[in-house]
Amino acid sequence: MNNKDNTPVKYVDIHHKSNDRNVLVSFQNVRISFKHGIYERVIIDDLNLDIYKGEILGLVGESGSGKTTIGRALIRIIPTSGGQIVYGDEEKEVISGKIKKDRARNLKTKIQMIFQDPSASLNDRSNVDYIISEGLRAFHLYKDEAERLEKVEKMIRRVGLSPEHLKRYPHEFSGGQRQRIGIARCMIMNPEMIIADEPISALDVSIRAQVLNLIKEFRDERGLTVLFIAHDLSVVKYISDRIAVIYQGKLVELCPADRLFEAPLHPYTKSLLSAIPLPDPSIEKKKKVIVYNPQQHNYTEEDPADFYEVEPHHYVRCNLEELAHYKTILKSMKEGGKSE
Amino acid sequence: MEKKKILEVKNLSVGFLSHGKKMNVIRDINLDVYEGETLAIVGESGSGKSVFTKTFTGMLDANGYISNGSIMFDGIDLATLKKPKDWLGIRGKRIATIFQDPMTSLNPLFSIGYQISEVLRIHHKLSKEEAKKEAINLLKKVRIPDAEKRFNDYPFQYSGGMRQRVVIAIALACRPEILICDEPTTALDVTVQAQILDLIKELQEEYKWTTIFITHDLGVVANVADRVAVMYGGQIVEYGTVEDIFYRSAHPYTWALLASLPQLGSKEDPLSYIPGNPPTFTSEIIGDAFAIRNKYAMRIDFLIEPPMFKISETHSAKTWLLDPRAPKVEKPAIIKNLSKRIEQVSNELKKEIENGGEDKHE
């Protein structure tokens with residue numbers, strides 16, 4: 001990183017190198033908009049983001065920030081209207097926009113999705129055996145019935161249920177179990193990447209941990225890449241390697257998970273952090289929640305906001321004036337840490 | 001100083017009839033609620049916490065009935081009220097409820113303003129103009145910007161957090177003595193959740209009502225509650241002040257709930273969780289309902305239901321572990337140093353919270 005001479009570095013300057021093998025997914029100037037007649041609403045504008053192979057990237061934002069849209073654009077449920085999404089580690093290919101039908105189909109085996117509401121995403125009328133093996137059937141990934149059953153049974157044991165559950169229907173399971181069926185259904189395809197769209201928001205706190213642990217185990221076992229979408233930073237902190245904070249369709253901060261909690265810079269990130277309920281009455285009672293006001297920035301035409309690097313691997317959306325301010329904060333933090 | 005009891009629940013049991021079978025969903029609950037306090041009722045889904053509070057407003061489903069016990073509220077036994085007419089002066093007026101999903105508790109076909117002024121016209125017998133004026137005041141109270149303009153808007157034009165504010169305004173309209181909040185923030189984002197919790201607390205200070213707060217999230221409890229009752233399998237298994245529950249909890253179920261909070265998780269070890277599922281009430285529960293999921297369970301837990309052991313004036317727990325004959329068990333390490341752990345987790349964060357607000361650049 002050429003940070004020594006203090007020239008501001010933009011995220012785009014050092015990413016999207018044509019063949020970085022560590023990068024599995026690369027969003028390049030992606031723009032997503034919804035059209036209704038003559039009206040066009042831009043949800044995501046100029047998104048630049050690299051997801052590394054084998055990492056869990058937490059994507060955090062409030063409802064309406066576009067976090068789900070990003071996940072959906074990646075598996076081609078929602079079309080992009082600008083820029084491109086590049087996928088692959090060894091061989092890169094563009095997967096957004098118009099691509100060949102068989103490529104699109106092939107992609108579905110590589111990227112899988114876990115949905116938020118496990119009761120809405122599982123078919124009520126088919127049994128668990130069918131739900132889990134639907135993908136296998138669609139892609140003919142087994143030789144004969146015996147092999148299919150063996151695969152399904154192995155997977156259902158892996159997620160902590162037993163083969164006798166295969167003949168049952170989704171309504172017979174609790175929320176946590178249903179979500180595990182959802183994970184089994186997606187993991188049986190042996191994907192390279194999964195998109196977990198708020199997989200635990202609909203679950204009780206006491207069973208959330210089961211699902212989080214399961215996703216993490218699969219990552220460690222298979223080197224899975226995970227895009228983990230959530231609105232709660234506390235959840236993401238435990239599971240992710242890096243966290244991206246998104247506000248109204250724009251990334252505002254991107255940083256390794258631990259570092260984000262040590263040194264949050266963008267005011268929106270701070271407001272998200274202050275909103276985490278801490279299980280300690282003495283802290284919680286005197287806590288004041290910070291409310292983020294998007295008008296507080298002083299962005300002008302001469303000094304517009306961009307996604308700048310503040311320290312290695314830590315990016316914040318700011319203008320040059322703010323960038324200097326953030327750098328001094330980090331510097332004083334560092335010095336303060338040394339003197340202690 | 002003796003605090004005044006506003007609600008006194010004695011030996012309450014609630015049963016449901018389903019397919020000709022009887023299920024005991026609330027099993028012999030005793031609980032006092034004091035005037036002006038915030039009582040949080042915590043438990044997983046299926047622990048009976050919503051059913052329990054529904055008996056206070058007579059809103060049990062048609063196949064549910066109170067099989068035993070009494071609920072004393074200002075000299076009236078709520079358990080004996082049957083006819084809708086008997087409830088008129090109490091439900092909504094003196095005991096109001098805020099529900100989890102604001103979209104289902106608001107009528108999508110009527111404007112927000114109409115729905116608030118309706119309450120005022122019926123309960124306070126105000127005229128249409130007076131009701132409108134008062135309704136706008138209420139909207140301002142719950143911080144809806146441009147209250148006058150938004151008076152005629154419909155629920156779908158409001159965001160989730162705003163809708164919940166409107167529901168609070170409707171509850172406010174009657175100046176209730178008890179406000180039951182049934183998971184009011186579960187469907188909301190964390191930032192919005194924090195704002196709604198703040199709003200409820202502020203309004204409570206102003207109007208001096210008593211809050212009964214139902215939630216499954218102990219993080220929220222720490223923020224709002226004065227006292228906490230932990231429910232499991234249709235019973236209260238532990239109750240005490242919020243400090244009792246967070247710093248000196250005695251029931252293994254409370255330990256498990258605390259330990260499973262992702263806020264306390266560290267990258268190195270897997271998060272702990274409660275294995276298995278809550279009891280389903282279809283068969284009779286013998287012994288301690290939590291025994292099969294409890295790693296501290298003893299043989300007696302599967303045979304005899306533990307009594308409520310008194311730990312201090314304010315704190316009681318229903319577990320055999322407190323019996324003098326029980327072996328000493330160590331609390332899970334993660335809870336034992338709860339405050340230390342949180343300090344570790346949130347040291348930097350705390351600093352941010354304390355002075356973060358002022359850290360605005362010029």
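Reminder, nothing fancy here: chain letters follow the sequence lines and each chain counts from 1. The basis for the numbers below is simple: all heavy atoms, side chains too, and nothing from hydrogens, waters or symmetry mates.
- The most heavy-atom pairs under 4.5 Å with chain A, out of B:Leu218, B:Val242, B:Leu257, come from B:Val242.
- Atom CD of A:Glu221 is surrounded by more than 12 heavy atoms from other residues, nucleotides or ligands within 6.0 Å.
- Within 6.0 Å of NZ on B:Lys295 lie no more than 12 heavy atoms contributed by other residues, nucleotides or ligands.
- Counting heavy-atom neighbours within 6.0 Å of A:Leu320 CG, excluding the residue itself, gives a total above 12.
- Nearest approach of B:Phe246 to A:Pro279, heavy atoms of both residues: CD2-O, 3.2 Å.
- Panel note: side chain B:Gln193, backbone A:Ile276; no donor-acceptor pair is recorded below 3.5 Å.
- For A:Leu272, the parts sitting under 4.5 Å from any heavy atom of chain B are the backbone and the side chain alike.
- In terms of heavy-atom proximity, B:Leu188 sits nearest to A:His231 at O-NE2, 3.9 Å.
- Counting heavy-atom pairs closer than 4.5 Å to chain A, the top residue among B:Gly160, B:Pro275, B:Ala225 is B:Ala225.
- A:Asn213 touches chain B through its side chain: at least one heavy atom from C-beta onward sits under 4.5 Å away, while N, CA, C and O do not.
- Only the backbone of A:Leu203 comes within contact range of chain B, with heavy atoms under 4.5 Å apart.
- Both the backbone and the side chain of B:Asp217 come within less than 4.5 Å of a heavy atom of chain A.
- Of the two parts of A:Glu217, neither the backbone nor the side chain holds a non-hydrogen atom closer than 4.5 Å to a non-hydrogen atom of chain B.
- In this structure the side chain of B:Ser45 reaches within 4.5 angstrom of the side chain of A:Asp204, judged on heavy atoms.
- Using a 4.5 Å cut-off between heavy atoms, B:Val192 makes no contact with chain A at all.
- Heavy atoms only, all atoms of each residue included: A:Ala209 and B:Ser272 are closest at CB-O, 3.3 Å.
- For the atom pair CG (A:Asp232) and OG1 (B:Thr191), the distance works out to 9.5 Å, reported to the nearest 0.5 Å.
- Sparse packing is recorded around NE2 of B:His19, with 12 or fewer heavy atoms of other residues, nucleotides or ligands lying under 6.0 Å away.
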